[in-house]
Colleague: 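Take a look at this one; I'll ask things after.
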Amino acid sequence: MFDKPIPIKRIHARQILDSRGNPTIEVDVVTETGVLGRAAVPAGASKGRYEAVELRDGDLRNYRGKSVLKAVRNVKELISKKLLDFNVFDQNGIDRLLIELDGTENKSNLGANAILGVSLAAAHAAANSLNIPLFEYLHVNSGKYVLPVPFMNIINGGTHAGNKLSIQEFLIAPTGAKSFSEAIRMGSEVYHTLKDILIKKYGVSAKNIGDEGGFAPPMSFTFEALESLSTAIEEAGYRVSKDINLAIDAAASVFYENGYYHIDGERFTAKQMIDYYKQLYKKYKVVSIEDPFEENQFESFRELTRELNNRVQIVGDDLFTTNIKRLTKGIKLGAANSILLKINQIGTLTEAFNTAKKAFENGYSVMVSHRSGETEDTSIADIAVALSCGQIKSGAPARSERTAKYNQLIRIEERLEDNSIYPTNKIGLIEC
Ligand code: PGA
Ligand code: ZN
């Protein structure tokens, strides 16, 4: 596609801080023509068991065991030698080489964090070499770009907050917006209205926020969060489920123990959880439910997907971990109908794009996602547009590591003018 190869001249890595104040890796790829591509790697808290390995040093005297100096060394000493003079436009070749050099199934040798830093920085260097934005360089289809509906996580629970909410994320999706920037305005208005409501009801401490910028009020029950969101949407002048839809990420592996789900002070079986989610759909019109069950419960995912008859988006995050093999298993069984795409769960851009392609081919929708530990890197904004998947989650419309992605999408929308669409009244494959 790009006639003249440009060789990679130098690869450098360093340790920087993520939004939680933990170390993470940043990689610079420089071409022979002197063009720089830079990428930083995020980190999860409620990580899936089947994610590629994030290499950390484990030396308690250094960042309390969390330093990533080994991963940095792997880039500087091993990977940089192998990729020297490699054509920066050959993303497949670069990623294949990284996978082979690592040699393990889960990237535990070099570290998925080291590998992703290089994979992503190379893509940036390639796009910069052509003087085009990353989304254009990575664009998978011809035709108009689709901007994503932003799923804004404005009440935090689970491992992302210090409250008693079992469900990790309560999100709003402004599906009634006519453009991405309008969706952000609607989300921001609801966010600030919600803040006032929470302070009135729960006291001033309710404005404390969780890891993804959403509020972390002292709530214990799911309905409290969904009621507050509904009230905030209405008080901000919008209609629930018409202008703005509700969504959750249960991240249920975290509250699952010995066959039971611990939620709202109850102990539920998988069957009872299916009824529980059906109620949430009936009462609050929740249109997207992520990780409703523990990460090995493919059968439960299938049951819920069937019961809700594809009226609700059932998203596999920890279930699939952006892994094509796990997605393929899910597709065969009919488990879920959507996949969360987190590039650091798998480790290379090529693998993540192949997984997304597999999803599209099989009628599964794709939602691109940040991690709870983020950086100022905005690659996921471009990736969502490149894939035209129509959905992204990047936390609340607050805190710079979250808004960096939304702001990048505002810029992309502006740049594309008439060459993009916002999927009004659509969540993935579902009309709403
Ligand atoms: P994590 O959470 O980044 O902490 O894994 C995000 C999610 O579960 O979607
Ligand atoms: Zn999740």
Side-chain angles (χ1 to χ4, degrees), residues 135 144-156 169-195 212-215 226 228-249 284-288 290 313 315 338 340-341 365-370 374 378 380-432:
F135 72 84
K144 282 198 179 184
Y145 291 93
V146 180
L147 284 157
V149 172
F151 280 68
M152 291 174 262
N153 175 13
I154 60 174
I155 293 183
N156 294 187
E169 299 171 19
F170 296 87
L171 310 103
I172 51 167
T175 45
K178 297 283 178 290
S179 64
F180 180 80
S181 51
E182 191 188 4
I184 291 297
R185 175 173 64 76
M186 291 162 75
S188 167
E189 288 166 2
V190 173
Y191 180 77
H192 291 285
T193 308
L194 176 67
K195 182 174 170 179
E212 297 190 350
F215 300 109
L226 291 171
S228 304
L229 288 193
S230 304
T231 310
I233 290 169
E234 277 158 20
E235 276 191 22
Y238 299 108
R239 296 162 300 173
V240 180
S241 97
K242 288 218 162 53
D243 303 315
I244 299 183
N245 272 288
L246 299 181
I248 56 170
D249 176 5
Y284 299 101
K285 294 282 181 305
V286 171
V287 285
S288 180
E290 182 180 325
Q313 177 169 268
V315 188
S338 183
L340 199 75
L341 204 75
S365 59
V366 173
M367 186 191 289
V368 169
S369 172
H370 67 158
E374 266 295 335
T378 59
I380 59 163
D382 285 70
I383 289 167
V385 177
L387 289 169
S388 282
C389 63
Q391 312 182 71
I392 193 169
K393 65 169 194 173
S394 177
R399 305 287 139 175
S400 294
E401 79 280 6
R402 311 295 148 191
T403 55
K405 283 70 164 172
Y406 295 139
N407 291 342
Q408 172 71 353
L409 284 159
I410 288 173
R411 281 179 218 113
I412 293 175
E413 183 171 63
E414 181 187 59
R415 181 186 174 112
L416 285 172
E417 292 179 347
D418 293 341
N419 197 22
S420 73
I421 52 165
Y422 179 80
T424 307
N425 299 332
K426 253 195 159 155
I427 282 192
L429 302 163
I430 294 166
E431 303 281 339
C432 56

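Please read all numbers here as calculations on a predicted model, not as lab measurements.
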Colleague: Checking Val146 now: which residues fulfil side chain to side chain contact (heavy atoms under 4.5 Å, CB included) with it, not counting sequence neighbours?
Modeller: Ser388, Ile421, Pro423
Colleague: I'd like to know if the side chain of Tyr406 and the backbone of Ser394 have a donor-acceptor N/O pair within less than 3.5 Å.
Modeller: yes
Colleague: Rounded to the nearest 0.5 Å, how far apart are CG of Leu416 and CZ of Phe180?
Modeller: 12.5 Å
Colleague: CG of Asn245 to CD1 of Ile430: how many Å apart, nearest 0.5 Å?
Modeller: 10.0 Å
Colleague: If the threshold is 4.0 Å, N to carboxylate O, is there a salt bridge linking Arg399 and Glu374?
Modeller: no
Colleague: Between Ser181 and Glu413, is there a side-chain donor-acceptor contact under 3.5 Å, judged purely by atom types and distance?
Modeller: yes
Colleague: Looking at Cys432 and Thr175, what are the two nearest heavy atoms and their distance?
Modeller: SG-CG2, 3.8 Å
Colleague: Should Glu212 and Lys393 count as an ion pair when the cut-off is N to O under 4.0 Å?
Modeller: no
Colleague: Out of curiosity, Asn156 CG to Glu169 CD, how far, rounded to the nearest 0.5 Å?
Modeller: 7.0 Å
Colleague: The test is side chain to side chain contact (heavy atoms under 4.5 Å, CB included); show your working for Asp249 and Asn153 and say whether it passes.
Modeller: CA-CA 9 Å; Asp249 176 5; Asn153 175 13; over 6 Å; no
Colleague: Are Val190 and Ile154 packed together at the side-chain level, in the sense that at least one heavy-atom pair is separated by less than 4.5 angstrom?
Modeller: yes
Colleague: Taking the side chain as every heavy atom from C-beta outward, state whether Asn407 and Thr378 have any atom pair closer than 4.5 Å.
Modeller: no
Colleague: Tell me, do Lys426 and Glu431 make a side-chain contact under 4.5 Å, heavy atoms counted?
Modeller: yes
Colleague: Grab the two heavy atoms, one from Gln391 and one from Gly428, that are nearest each other, plus how far apart they are.
Modeller: NE2-CA, 3.4 Å
Colleague: Identify the two heavy atoms, one from Ala384 and one from Ile392, that lie closest to each other, and give their separation to 0.1 Å.
Modeller: CB-CD1, 4.1 Å
Colleague: Would you mind telling me which of Asp243, Thr193, Ile172 makes a side chain to side chain contact (heavy atoms under 4.5 Å, CB included) with Ile233?
Modeller: Ile172
Colleague: Whether the side chain of Ser365 engages the backbone of Ser338 through a donor-acceptor N/O pair (distance < 3.5 Å, no angle test) should be reported.
Modeller: no
Colleague: Tell me whether Glu182 is salt-bridged to Arg185, with the criterion being a basic N under 4.0 Å from an acidic carboxylate O.
Modeller: yes
Colleague: Start with the C-alpha distance between Lys285 and Val240, add both sets of side-chain angles, then the distance that settles side chain to side chain contact (heavy atoms under 4.5 Å, CB included), and finish with yes or no.
Modeller: CA-CA 8 Å; Lys285 294 282 181 305; Val240 180; 5.7 Å; no
Colleague: Working to the nearest 0.5 angstrom, can you tell me the gap between Lys178 NZ and Asn425 CG?
Modeller: 7.0 Å
Colleague: Can you name the nearest heavy-atom pair linking Ser420 to Leu147, along with the distance?
Modeller: OG-CD1, 3.4 Å
Colleague: In Å and rounded to the nearest 0.5 Å, what is the CG to OG distance from Leu171 to Ser288?
Modeller: 8.0 Å
Colleague: Taking the side chain as C-beta and beyond, is there a heavy-atom pair between Cys389 and Pro148 under 4.5 Å?
Modeller: no
Colleague: Please walk me through it: do Phe170 and Leu246 pass side chain to side chain contact (heavy atoms under 4.5 Å, CB included)?
Modeller: CA-CA 7 Å; Phe170 296 87; Leu246 299 181; over 6 Å; no
Colleague: Within the 4.5 Å heavy-atom criterion, are Met152 and Tyr191 side-chain neighbours or not?
Modeller: no
Colleague: Donor-acceptor check, side chain of Thr403 to backbone of Ala398, threshold 3.5 angstrom: yes or no?
Modeller: no
Colleague: Evaluate the side chain to side chain contact (heavy atoms under 4.5 Å, CB included) criterion for residues Tyr238 and Glu189: first the C-alpha distance (whole Å), next the side-chain angles of each, then the deciding distance (0.1 Å), finally the verdict.
Modeller: CA-CA 10 Å; Tyr238 299 108; Glu189 288 166 2; 2.5 Å; yes
Colleague: What's the separation between atom CD1 in Ile412 and atom CG in Asn419, rounded to the nearest 0.5 Å?
Modeller: 12.5 Å
Colleague: Ignoring hydrogens and geometry, is there a side-chain-to-backbone donor-acceptor pair from Lys144 to Asp418 under 3.5 Å?
Modeller: yes
Colleague: In chain order, what residues pass the ring-ring contact (aromatic ring centres under 6.0 Å, His included) check against Phe135, with sequence neighbours excluded?
Modeller: Tyr145
Colleague: Tell me whether Ser188 contacts the main-chain N or O of Ile184 through its side chain, where contact means a donor paired with an acceptor under 3.5 Å.
Modeller: no
